[in-house]
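What follows is one structure encoded as structure tokens, with my remarks underneath.
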Amino acid sequence: MVHAAAMAQGKKRPAVPPPDGGWGWVIVAGCFMVTVCTRAVTSFWFCSLNWFQPLLTGQFRCISIFFVEFQMHFGRDYSGTAWIHSLVDCTTMLCAPLGSFIGNRLSCRIAVILGGFLSSIGLVLSSFATSLEYLYLSLGVLTGIGFSLCYTPAIAMVGSYFCERKALAYGIAMSGSGIGTFILAPVVQLLIEHYSWRGALLILGGVVSNLCVCGALLRPITLKEEEEAHGPVPLDTDCGYRVKAQVVSTLEEPLAINNSKDSRCFKSMQEYRFLLMPDFLMLAVSFLFLASGCSLPFVYLVPYALDVGVSHHQAAFLMSILGVIDIVGNITFGWLVDRRCLKKYRNVCYMIAVGMEGLCCLFIPLLRTFALLVPFSVLYGYFDGAYVALIPVVTSDIVGTTNLSSALGIVYFLHAIPYLLSPPIGGWLVDTTGTYTATFFLSGFALISSSLVISTVTGIRHCRRTQKHRKNNKDTDPKQDPCQGSRSDFYIASSKDVNPSTNTANS
């Protein structure tokens with residue numbers, strides 16, 4: 001029992017600097033494949049760039065191969081068929097905390113393997129569908145739950161292996177969504193032509209089963225403590241250095257031995273204690289604004305272009321440009337942010353990317369020709385890819401690497417409801433006003449509000465650091481070496497930040 005408690009405690013030991021390479025690139029490759037399967041596999045179901053069907057109302061909607069096949073086979077309307085995609089996306093996001101929970105309790109490897117198995121079973125069962133309601137459960141719920149178990153743990157694992165090149169690693173991993181869409185969309189079209197939609201879903205089930213292989217590659221990183229003789233190491237939120245906490249282990253071990261229920265409760269409280277951090281709460285508010293505004297241009301850019309007289313082919317090409325530049329933004333912006341001169345300003349870079357997206361949306365009502373809409377697609381696509389790559393990085397900088405999996409579960413959970421509600425609200429604004437101006441203004445103001453909230457968090461953290469630095473300078477003994485004095489104060493402040501329970505127990 002003591003050995004089991006010690007092993008459990010080993011999982012909670014403070015983190016040391018990630019290797020920043022080696023097996024970490026295998027982790028990035030695994031996460032890349034996870035994003036291909038979880039995001040790209042669903043995106044071309046209902047958002048193929050080459051298929052547009054005019055409706056009786058004069059508007060155009062993005063119709064993909066599977067969507068058309070489901071409508072023709074089951075004889076259902078657009079609204080009923082669209083629920084499949086809504087269920088997949090919402091289930092994936094709403095169940096993200098479940099993926100974090102399983103990843104923390106068991107391991108990220110087990111969570112991804114289990115998710116790959118469930119999502120593959122969901123796709124295989126969907127190939128035998130006899131009704132649209134059957135697809136709601138098999139494709140919408142079962143496959144969505146499987147994707148949720150894979151997505152968050154895989155992304156969190158990248159943060160455990162990288163520090164110096166964290167943004168670049170996340171940029172490569174998150175680009176799997178865009179790259180996978182361009183590769184898989186024509187492949188799926190060929191599969192349907194040769195094997196029908198049932199055969200295509202069956203083959204996709206086999207492809208998605210490779211998530212189990214990706215999960216097997218997610219080797220848990222060993223979190224080693226520094227030897228006691230070496231003393232404490234400094235706290236660095238960028239690279240994951242932590243101060244040793246002797247008292248926590250002496251408190252948790254008796255709990256694990258005497259009362260397992262209390263120990264599990266205490267462990268859960270420790271995992272989600274970041275929910276009480278003001279910085280994270282402000283970040284959560286920022287993500288709510290972000291999710292409310294970021295999806296509207298993807299939904300309404302093509303209808304707006306058609307409304308101002310752009311041809312069908314050119315309107316589709318605008319989305320193609322946006323998608324390609326989105327991939328470029330994932331990788332290049334991540335590389336830029338990892339430069340030494342910008343690494344300390346990750347939050348500022350994220351704030352700029354989101355704010356620039358908002359400004360682009362505010363100017364789009366003035367862009368009424370194809371030549372003017374092309375720069376919009378380039379800028380919006382680039383900054384969209386930029387902020388997507390930085391979401392895990394910014395979250396990690398606030399909550400730390402240890403709590404990243406749990407925090408990402410909450411972050412993606414917060415995206416679910418705005419993703420579901422914002423497109424219908426944008427459509428209602430179009431129907432009410434008769435133009436797309438209000439919809440794009442809503443998107444722009446939501447994104448700018450998200451950026452302003454992040455800037456508030458950054459300003460508060462800067463003021464705290466400045467006040468702490470001044471206080472440490474006042475408390476430093478003038479006879480003591482200034483560097484040694486500030487370093488010792490830094491150790492004390494770091495230990496208080498990492499283990500608040502330690503100070504309580506000592507008092």
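In this chain, residues are counted from 1 in sequence order.
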- Note on the structure: So CG of Leu217 and CZ of Arg109: to nearest 0.5 Å the spacing works out to 8.0 Å
- Ser196 side chain vs Ile192 backbone, donor-acceptor pair below 3.5 Å: no
- Taking the side chain as C-beta and beyond, is there a heavy-atom pair between Gln314 and Ser311 under 4.5 Å? yes
- Task: Specify the closest pair of heavy atoms between Thr91 and Ser148, including all atoms of both residues, with the distance to one decimal.
- Result: O-CB, 4.0 Å
- Query: Nearest heavy-atom pair of Leu318 and Ala305: which atoms, and what distance?
  - Reply: CD1-CB, 3.9 Å
- Task: Side-chain contact test, heavy atoms from C-beta onward, threshold under 4.5 Å: evaluate it for Ile155 versus Cys31 and give yes or no.
- Result: yes
- Identify whether the distance between the nearest side-chain nitrogen and carboxylate oxygen of Arg346 and Asp397 falls below 4.0 Å. yes
- Query: Under the ring-ring contact (aromatic ring centres under 6.0 Å, His included) test, which residues partner Trp25, sequence neighbours left out?
  - Reply: Phe162
- Task: Measure from the side-chain N and O atoms of Asn104 to the backbone N and O of Phe101, and report whether any donor-acceptor pair falls under 3.5 Å.
- Result: no
What pairs of donor and acceptor atoms, side-chain ones from residues 409-427 against any protein atom, are under 3.5 angstrom apart with sequence neighbours left out?
| residue | atom | partner | partner atom | Å |
| --- | --- | --- | --- | --- |
| His415 | ND1 | Val411 | O | 2.8 |
| Ser422 | OG | Ser295 | OG | 3.2 |
| Ser422 | OG | Pro418 | O | 2.7 |

- Item | side chain to side chain contact (heavy atoms under 4.5 Å, CB included) assessment of Phe147 paired with Val208 | CA-CA 10 Å; Phe147 285 164; Val208 170; 4.0 Å; yes
- Query: Side-chain contact, heavy-atom cut-off 4.5 Å: Ile448 with Phe289?
  - Reply: no
- Message: Check this for me: Met72, atom CE, are more than 12 non-hydrogen atoms of other residues, nucleotides or ligands nearer than 6.0 Å?
- Response: no
Identify each donor-acceptor pair in which a side-chain atom of residues 379-393 lies under 3.5 Å from a protein atom, sequence neighbours left out, and give them as a table.
| residue | atom | partner | partner atom | Å |
| --- | --- | --- | --- | --- |
| Tyr380 | OH | Cys294 | O | 2.9 |
| Tyr382 | OH | Thr332 | OG1 | 3.1 |

- Query: How far does CD1 of Ile179 sit from CZ of Phe32, to the nearest 0.5 angstrom?
  - Reply: 4.0 Å
- Non-hydrogen atoms of Leu362 and Gly444 that approach each other most closely: CD2-CA, 4.0 Å
- Got a second to check how far Cys108's SG is from Arg219's CZ, nearest 0.5 Å? 14.5 Å
- Item | Spatial distance of atom CZ (Phe440) from atom CG (Leu301) [nearest 0.5 Å] | 5.5 Å
- side chain to side chain donor-acceptor pair (under 3.5 Å): which pairs involve residues 114-134, sequence neighbours left out? Arg76-Glu133, Ser126-Ser138
- Is there a side-chain contact between Cys361 and Pro297 (heavy atoms, below 4.5 Å)? yes
- Message: What's the separation between atom CG in Leu125 and atom CG in Leu135, rounded to the nearest 0.5 Å?
- Response: 10.5 Å
- Scan residues 190-209 for pairs that pass salt bridge (Lys or Arg N to Asp or Glu O under 4.0 Å), counting only residues two or more places apart or in two chains. none
- Would you check if the side chain of Tyr195 reaches a backbone N or O of Leu201 as a donor-acceptor pair within less than 3.5 Å? no
- Item | Whether His313 and Phe317 hold their rings parallel, tilted or perpendicular, with breakpoints at 30° and 60° | parallel
- At their closest point, which heavy atom of Ile321 faces which heavy atom of Ser377, and how far apart are they? CG2-CB, 4.0 Å
- Task: Test Met277 against Ile398 for side chain to side chain contact (heavy atoms under 4.5 Å, CB included), laying out the working first.
- Result: CA-CA 9 Å; Met277 296 172 55; Ile398 290 180; 4.0 Å; yes
- Message: Working note: Thr152 + Ser100, criterion side-chain hydrogen bond (donor to acceptor under 3.5 Å, both in side chains); need CA distance, chi angles, decisive distance, verdict.
- Response: CA-CA 6 Å; Thr152 306; Ser100 299; 4.5 Å; no
- Task: Check whether any side-chain heavy atom of Ile172 lies under 4.5 Å from a side-chain heavy atom of Leu168, and answer yes or no.
- Result: yes
- Task: Return the set of residues passing side chain to side chain contact (heavy atoms under 4.5 Å, CB included) with Leu118 (not counting sequence neighbours), or none when no residue passes.
- Result: Leu114, Leu142, Ile145, Leu149
- Should Pro365 and Tyr436 count as side-chain neighbours, where that means a heavy-atom distance under 4.5 Å? no
- Minimal heavy-atom distance between Asn403 and Arg273, with the atoms involved, is ND2-NH2, 4.1 Å
- Task: Answer yes or no: does atom CZ of Phe117 have more than 12 heavy-atom neighbours from other residues, nucleotides or ligands under 6.0 Å?
- Result: no
- Task: Show your working on side chain to side chain contact (heavy atoms under 4.5 Å, CB included) between Thr369 and Val308 and close with a plain yes or no.
- Result: CA-CA 7 Å; Thr369 63; Val308 297; over 6 Å; no
- Is there side-chain contact between Tyr161 and Val26, with heavy atoms separated by less than 4.5 Å? no
- Query: Could you state the interatomic distance from CG (Leu429) to OG (Ser443), rounded to the nearest 0.5 Å?
  - Reply: 11.5 Å
- Task: Indicate yes or no: at least one non-hydrogen side-chain atom of Leu281 is less than 4.5 angstrom from one of Val285.
- Result: no
- Item | Criterion side chain to side chain contact (heavy atoms under 4.5 Å, CB included) on Thr435 and Val430, from CA distance to verdict | CA-CA 5 Å; Thr435 66; Val430 173; over 6 Å; no
- Looking at Asn330 and Ser175, what are the two nearest heavy atoms and their distance? OD1-CA, 3.5 Å
